[in-house]
Amino acid sequence: MIFLNYLLVCVIFGTTFLFIKIGIEAGATPILSGGVRFTIAGLLVLAYFAIKRDQVKQALLSKPLIVVGFCITFMTFSTLYWAEQFITSGLAAVLSATGPMMILLILRQRKEATLDSVQILGLGIALVGVLFISLPGFSSAISYMWVIGCIAVLIGEFGYGYGSVFSKRYFATEHRFSPFLMNGVQMFYGGLMLMAFSFIVEKPSFPSLVANPNAQLSMLYLILIGSIGGHGLYYWLISKTNPVFPSTWLYVSPLIAIFVGYLFLKEMVTPLMILGAFFIIFGVLLSNRHSIVKLVRNGEVTRSNF
């Protein structure tokens, strides 16, 4: 079940980039659609726990969860939704794979982790991968806004990295709430922030979110499958293993996103882009090798004890 659910997480999160792109191309207001997605998903989760008479009110008053919602949901997805107006869904997924690198750099800056020569090499390889897929000339769609879109996704991943480091500390000490409930709260607050931001930087149109069948399909998939299903399985995996193993979906999803983007949207895939994707994935794996090896060894110990 662990590996089956892990594969489901990789497929679900890998395909969310495609459905974000489908919604945008169907005319949905980008950042507004992200805000509505996470607000509704958060409300559905909160309603479920309210029916169970869980501590919903106390969770909603938790200031750390507001910070998590700002960093992980607002920063990550405001930049991602905006950028996918100018870059392909596959490229967005590959750039998002730099999230674990951001986590390592933040931990290093806080002196909570050290970088050895192999980790530095891994970060360098991943950086080369980012440069490969960002070099002008491999696609006719290159433009000034294309470059800005790539940079925006990287800025969003820095928010994801900081939010992950912050939430790791908070979740380790907060035992009153279920991880599913905490995820619902942070999605709810992050969604509200996205909607508020939409009114500042774009011309939001709620009818555009359901203007045609493609927009409706995109919204339903992202709410039910992407936010509730994907994140639910993600936190289930954390409870059954540890935070390292589930987060490796970021290494697998870019290839899935590139493939489905090519298959369904006919997005361009070039040898240079594929090479860059492998460089990023290999570099991030190399940088996180200690955590991955530790996870494998812990799994072997558990099986031998059983």
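Heavy atoms only: backbone and side chains are in, while hydrogens, waters and symmetry mates are out. Numbering of residues begins at 1 and proceeds along the displayed sequence.
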Quiz prompt | Over all atoms of both residues, closest heavy-atom pair of Leu65 and Gln186 | solution = O-CB, 3.8 Å
Practice problem: Verify, without hydrogens or angle tests, whether Glu202 (side chain) and Ile31 (backbone) share a donor-acceptor contact under 3.5 angstrom. | Solution: yes
Practice problem: Give a yes or no on this: more than 12 heavy atoms of other residues, nucleotides or ligands lie within 6.0 Å of atom CZ of Phe49. | Solution: yes
Self-check item: Phe70: ring pair (Phe, Tyr, Trp, His ring centres under 6.0 Å) partners, not counting sequence neighbours
Solution: Phe74
Quiz item: Does a side chain donor of either Glu157 or Thr76 reach within less than 3.5 Å of an acceptor in the other side chain?
Solution: no
Exercise. Would you check if Thr73 and Tyr189 make a side-chain contact, meaning some heavy-atom pair closer than 4.5 Å?
Key: no
Quiz item: Would Val210 end up clustered with Leu224 when hydrophobic side chains under 4.5 Å apart are linked, directly or stepwise?
Solution: no
Quiz item: Among Ile51, Leu46, Leu61, which one satisfies side-chain contact (heavy atoms from CB on, under 4.5 Å) with Val56?
Solution: Leu46
Using distance only, find each side-chain donor-acceptor pair of residues 93-103 under 3.5 Å and give its atom names and separation, not counting sequence neighbours.
from: Ser96; atom 1: OG; to: Ala92; atom 2: O; distance (Å): 2.8
from: Thr98; atom 1: OG1; to: Leu95; atom 2: O; distance (Å): 2.6

Self-check item: Tyr221 and Arg37: side chain donor to acceptor below 3.5 Å
Solution: no
Exercise. Taking Gln85 for its side chain and Trp82 for its backbone only, find out whether a donor-acceptor pair lies under 3.5 Å.
Key: yes
Quiz item: Would you find a donor on one side and an acceptor on the other, under 3.5 Å apart, between the side chain of Ser218 and the backbone of Phe19?
Solution: yes
Quiz item: Just by modelled atom types, is the Ile87 backbone N or O under 3.5 Å from a matching donor or acceptor in the Lys21 side chain?
Solution: yes
Practice problem: Calculate, to the nearest 0.5 Å, the distance between atoms CD1 and OG1 belonging to Ile155 and Thr79 respectively. | Solution: 7.5 Å
Self-check item: Check: Thr29 side chain, Ser205 main-chain N or O, donor-acceptor pair, under 3.5 Å
Solution: yes
Quiz prompt | Heavy-atom closest contact (Gly184 atom, Val45 atom, distance) | solution = CA-CG1, 3.8 Å
Practice problem: Kindly give the heavy-atom pair with the smallest separation between Phe38 and Leu194, and that separation in Å. | Solution: CD1-CD1, 4.0 Å
Practice problem: Starting at CD1 of Ile24, measure out to OG of Ser208 and round the result to the nearest 0.5 Å. | Solution: 11.0 Å
Practice problem: Carefully, step by step, assess His231 and Phe13 under the rule ring pair (Phe, Tyr, Trp, His ring centres under 6.0 Å). | Solution: CA-CA 9 Å; His231 285 277; Phe13 285 162; 5.2 Å; yes
Practice problem: Look only at the side chain of Ser227 and the backbone of Leu222, and say whether a donor-acceptor pair between them is shorter than 3.5 Å. | Solution: yes
Self-check item: Shortest non-hydrogen contact between Cys71 and Gly159, atoms and distance
Solution: CB-O, 3.4 Å
Quiz item: For Phe166, does the CZ atom sit with more than 12 other heavy atoms under 6.0 Å from it, leaving out its own atoms?
Solution: yes
Self-check item: Spacing of CD belonging to Gln216 relative to CD1 belonging to Ile22, to within rounding of 0.5 Å
Solution: 13.5 Å
